[in-house]
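Per chain, numbering begins at 1; letters A, B, ... match sequence-line order. Only heavy atoms go into these numbers, but all of them, side chains included; no hydrogens, no water, no symmetry mates.
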Protein chains: 2
Amino acid sequence: MPTTQPGSTIPDPPAPSRRELNKAATRQAITDASLRLLRSKGPGNFTVEDIADAAAISRRTFFNYFGSTEAALASITHGFLDNALAQFRLRPADEPILESARAALVQLADPMTVAPMAELYSLSQSNPQLNRSELEAWDHCTGQIIEAARERFAGTHGAELDELYLRALAGSVISCGKAAMDVWFARCGADLSAKSLAILRQLLIDAMGLLGSGFMPTANLSSDRH
Amino acid sequence: MPTTQPGSTIPDPPAPSRRELNKAATRQAITDASLRLLRSKGPGNFTVEDIADAAAISRRTFFNYFGSTEAALASITHGFLDNALAQFRLRPADEPILESARAALVQLADPMTVAPMAELYSLSQSNPQLNRSELEAWDHCTGQIIEAARERFAGTHGAELDELYLRALAGSVISCGKAAMDVWFARCGADLSAKSLAILRQLLIDAMGLLGSGFMPTANLSSDRH
DNA sequence: GCAGAAACTTGCACAGAGTGTAAATATGCA
DNA sequence: TGCATATTTACACTCTGTGCAAGTTTCTGC
């Protein structure tokens, strides 16, 4: 029962006002409508007006929330990656970054979290327009990881972390996470069974392992693990 | 004097026909005009029609060559990365992939090659539209590296390379290359002096070194090398 | 060299994307 | 309740991107 007593000493989630609730609902209605249309008509076969009608809003309002149909769908990916980032930030500050990344990514291999992402993957396969927005989402996440790692380092040490180290590492972590997702999807499609998710988890662990070991050439023997 | 004797036994560059020359010239005229307009008006402040006028072609013809203004500009990045890929393919097949990547990237730190890229970087800083196309170009290159590495491995060994290894490595190499370029640009701007290019070269080498050593946490001491 | 084929360019028309503006409506706050 | 502020909406407008058909250039075989 989340009471919001005015005298509460803990800031709580600061009282979601009516306006914020409405906006969140509209936003959700738009992404839901977009996903429905993507399912029923396929990528590129529906317009912003279609989405607006399906979400019971005006075309103009759609553009108050998203800049394009792709952006509306990419919000799913953004949600997924924001989740990953939140997990990353929860890790202890003295942990090696790669280990934090591994732990954060493994958290994502859970049905509720991965389901929308998997569906989006399967529906947007081989569609250039959507792929660009996906790339943008992953890139945005890279930027956020850079920020998070920088803050973490500045917190524990006094100095600043080398910029190349930071950017190269963050980019590689994201690339490896993406590679694991790609391989998983190619191998399992949108299958969300426990077995399939275990494979995803292992792929994410393996990918971080490869990164941590500097991609030793012998590592390609790992293919017979599956 | 590039004679094209019919009896020549070597296939040569197979006789660039008039049509191909015209197309190449038009393509070049479009990218040149785009870059000129980017310089003079800034990103987002000119239309396809402006480019078409400047290149002395019709609007419709522009779209026969490129799908958008961004795509026209991204052809610069594509050229740069195609160059990198060609260097990669020239490396001996038994060399470790990371070493090949390092060598290929270092080849790019040369004024003629890097100049257009550097200018594009400086002009499209903080412009979302252009950045998306840039990301797409890097991603496209990742795909090509995956292909190249797969072929190379299949050539020397009989078996297939583990898909995760391949994708994670290719993605990380590209990420690190990009990170090095980003840091270089942040540090040196569009400066193309020998000293600046030496820094770029060293950044690329360092980035590949980080990748090869698995991002050992002590590596961040490298910042005092510069 | 010349006719016909094939490739390329161009103008036109049209659907859709994206944005500024101002009026209408909903929400927050005293 | 009543005013201030935030949000939605309709409308108009520019620009994008594409199909189509008519014009122009290049290529091919004769």
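- Side-chain N/O atoms of Arg60(B) and base N/O atoms of dG19(D) include a donor-acceptor pair closer than 3.5 Å.
- The distance from atom CG of Leu21(A) to atom P of dA26(C) is 17 Å, rounded to the nearest whole Å.
- Within the 4.0 Å cut-off from OP1 or OP2 of dT9(C), at least one side-chain nitrogen or oxygen of Tyr65(B) is found.
- Between the side chains of Arg27(A) and Ser75(A), not a single donor N or O lies within less than 3.5 Å of an accepting N or O.
- Rounded to a whole Å, the CD atom of Glu70(B) is 12 Å from the C1' atom of dC15(D).
- In terms of phosphate contacts, Ser68(B) brings no side-chain nitrogen or oxygen within less than 4.0 Å of OP1 or OP2 of dT16(D).
- Judged by the 6.0 Å and 45° rule, Arg36(B) forms no cation-pi pair with Phe46(B).
- Gln129(B) has its CD atom 11 Å from the P atom of dT16(D), to the nearest Å.
- Remark: side-chain polar atoms of Asp53(A) are not paired, donor with acceptor, to backbone N or O of Asp50(A) under 3.5 angstrom.
- With DNA chain C read from its 5' end, the first of the two nearest nucleotides for Thr69(A) and Thr61(B) is the one closest to Thr61(B).
- Set against dG17(D), dG28(C), dT19(C), the side chain of Phe63(A) has dT19(C) as its closest nucleotide.
- Near DNA chain D, defined here as any heavy-atom distance below 4.0 Å, the residues from residues 30-59 of chain B are Thr47(B), Val48(B), Arg59(B), listed numerically.
- The distance from the CG atom of Asn83(A) to the CD atom of Gln107(A) is 9.0 Å, given to the nearest 0.5 Å.
- Ser196(B) and Ser193(B) are not linked by any side-chain donor-acceptor pair at a separation below 3.5 angstrom, with hydrogens and angles left out of the test.
- Across all strands, Asn64(B) comes closer than 4.0 Å to base atoms (heavy-atom distances).
- Both Arg18(B) and Phe62(B) lie close to DNA chain D; mapped to their nearest nucleotides by heavy-atom distance, the more 5′-ward contact belongs to Phe62(B).
- With rounding to whole Å, Lys23(A) atom NZ is found 12 Å from dG28(C) atom P.
- Look at Asn22(B) and you won't find any side-chain N or O under 4.0 angstrom from OP1 or OP2 of dT25(D).
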Worksheet entry | Audit row: Tyr165(A), Asp206(B), side chain to side chain donor-acceptor pair (under 3.5 Å) steps and yes/no | CA-CA 9 Å; Tyr165(A) 181 84; Asp206(B) 286 353; over 6 Å; no
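- Comparing dT26(D), dT7(D), dG18(C) by their closest approach to the side chain of Arg19(B) singles out dT26(D).
- Residues Leu211(A) and Leu211(B) are in side-chain contact: their nearest non-hydrogen atoms beyond the backbone lie under 4.5 Å apart.
- Nucleic acid contact for Phe66(A): none, since no nucleic acid atom lies under 4.0 Å from a heavy atom of the residue.
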